Amino acid sequence: MDRIRLQGGRRLDGRIAIGGAKNAALPLMATSLLTEQAVILTNAPALADVATMANLLAQHGLRVEHDTTSRQILLDGPATQFEAPYDLVRKMRASILVLGPLLARFGQARVSLPGGCAIGTRPVDLHLKGLEQMGAVIDLEAGYINAHVEGRLKGARIIFPQVSVGATENLLMAATLAEGTTQLVNAAREPEITDLVKCLVSMGAKIEGEGTDRLTVQGVDSLHGTTHAILPDRIEAGTFACAGAITGGELLLEGMTLELFGACTRSLREAGVEMLQEEDGVRCRRLNGLHGVDVMTEPFPGFATDMQAQFMALMAVADGASMITETIFENRFMHVPELTRMGARINAHGSSAIVRGVAKLSGAPVMATDLRASVSLIIAALAAEGETIVNRVYHLDRGYERIEQKLAAVGADIERMPG
Ligand code: UD1
């Protein structure tokens, strides 16, 4: 298995091209199950999770072509096979996103239950309850979700008891082909959902309430193909903003907008990072020292849970203390023991962690159990004295395209060591 070697202490300066968003690409790819015409996605990132979704759709019978040079994915239906097997779903929980589209268009689906994962239990009850409200009959048997519907799904008023990105996406896609009107209340408002709404509308769907927590979908008989450009990855951009800041550097995040950052902009500014919107992207520049800032993760436009680990690494070397509270996922502090091994002073208790900034971190061999935890160790290593070896690089490849090349191009001393 590959490892990453990193020598800390270099200042990052320059421009980084931000790729298409992983969390937008995955639901956008699933829209291809809703039509028999081709869906073409441009600005597609070459990530392990995107490859997993491509494999899943291919085994549903779609023609899938991902050209990593032109960054284009072509998906051409219709699906001929309605089972999402355990082997693929266990690799990536977002596989559950095929459930709503398969059910809406073919009246049947069999999808493996995703099971637990490193950052908590992560149930899919909201997805299933919503589909049941729309007339689906669902039973769980031998680790699989078996779902079918007589005729078409029926429009329904679905009130989410808790904001869920995935459940909003699944039900939104299902509702586009349902009979009648569906209202999604307390829907997630992440930019990736707005991107999905835009793509579905370009396929002929009737959706109102874009960007709000109340989406109204008027079902249509069929959808047609489209070409859609995937929006920039705000988590990749935020990760590089933290990476630049911890080294005292200045980066231009190409293609990014401040609006996409939500509350992360304010937190980074309070920490001492200048964030400026420029014509071709967002400029992030560390002004003087870093200051401790309290953050609490929340659904968009609040501070993103997917940025929590990276921000904690930044706070590890800030002046003063910072309290970081995780409200979205249980058990999302697995980076804490590894950051502590690098010299960070962090005390985690329940859903909160107190970070007391230290003057210096030191390099160490480290290992992480999830995507964002891994990248927080890279950020810490950039500022650490000495060498860090990050093991289990496959976590990084799920969500960051060529991270070592992008960081090396702006001045980091970093390399991938083939396993
Ligand atoms: C998506 C993102 C992930 C991000 C997360 C929160 C993708 C592919 N992944 O994950 O990177 O960290 O949003 O912004 O877009 N929940 C339930 N029942 C359900 C569904 C969710 O209880 O049926 C809970 C979850 O356990 C969690 C919370 O709701 O505590 C939010 O999860 P959700 O927004 O659904 O996350 P994902 O869509 O899985």
Side-chain angles (χ1 to χ4, degrees), residues 20-31 45 47-53 56 89 91-100 111 113-133 138 140 145 147 158-174 184 186-196 213 230-231 233-236 238-239 260-264 296-311 325-335 351 370-376 395 398-400:
K22 166 179 91 72
N23 287 353
L26 302 176
L28 287 169
M29 290 172 78
T31 65
L47 299 170
D49 275 7
V50 167
T52 302
M53 186 56 106
L56 181 58
V89 178
K91 279 193 191 161
M92 184 184 69
R93 291 183 46 86
S95 308
I96 189 77
L97 292 172
V98 301
L99 180 62
V111 177
L113 276 167
C117 76
I119 59 174
T121 43
R122 296 180 86 173
V124 290
D125 55 316
L126 301 175
H127 303 237
L128 304 187
K129 278 187 196 135
L131 290 168
E132 279 175 341
Q133 268 185 268
I138 296 179
L140 305 181
I145 303 162
I158 296 162
I159 305 173
F160 293 108
Q162 153 181 19
V163 178
S164 162
V165 173
T168 301
E169 292 166 345
N170 229 340
L171 296 172
L172 178 66
M173 289 189 279
L184 302 178
N186 197 25
R189 289 185 284 161
E190 269 60 9
E192 293 75 23
I193 290 181
T194 304
D195 207 35
L196 176 63
D213 63 358
I230 302 172
L231 91 169
D233 196 319
R234 62 195 165 98
I235 307 300
E236 186 195 23
T239 300
L260 286 176
F261 273 130
C264 287
M296 183 185 284
T297 63
E298 282 172 333
F300 192 83
F303 190 96
T305 173
D306 287 348
M307 279 299 301
Q308 180 255 107
Q310 300 89 314
F311 198 76
T325 307
E326 172 59 57
T327 72
I328 309 291
F329 292 112
E330 58 197 274
N331 198 17
R332 205 175 194 180
F333 282 144
M334 274 129 4
H335 38 289
S351 60
D370 83 53
L371 166 58
R372 308 302 168 186
S374 309
V375 89
S376 76
H395 286 300
R398 289 188 49 206
Y400 294 92

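Atoms considered below: every heavy atom in the structure, side chains included; atoms not considered: hydrogens, waters and symmetry mates. Not measured: the values here are computed from a predicted model. Whatever order the structure lists ligands and atoms in, that order sets their numbers, starting from 1.
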Test your reading of the structure: does [X] have an N or O sitting under 3.5 Å from an N or O of ligand 1?
X: V165; answer: yes
X: N23; answer: yes
X: P123; answer: yes
X: A167; answer: no
X: F329; answer: no
X: E169; answer: no

Got a donor-acceptor contact below 3.5 angstrom from the [X] side chain to the [Y] backbone?
X: D49; Y: L26; result: no
X: S374; Y: H395; result: no
X: E326; Y: F329; result: yes

Discussion item. Check R234 with E192, please: is the shortest side-chain N to carboxylate O separation under 4.0 Å?
Written reply: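 Salt bridge present between E192 and R234.
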Worksheet item: Contact between R332 and ligand 1, counting heavy atoms under 4.0 Å?
Response: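 Yes, R332 has a heavy atom closer than 4.0 Å to ligand 1.
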Fill in: CA sep, side-chain torsions, deciding dist, call: Y400, R372, side-chain contact (heavy atoms from CB on, under 4.5 Å)
CA-CA 10 Å; Y400 294 92; R372 308 302 168 186; 2.9 Å; yes
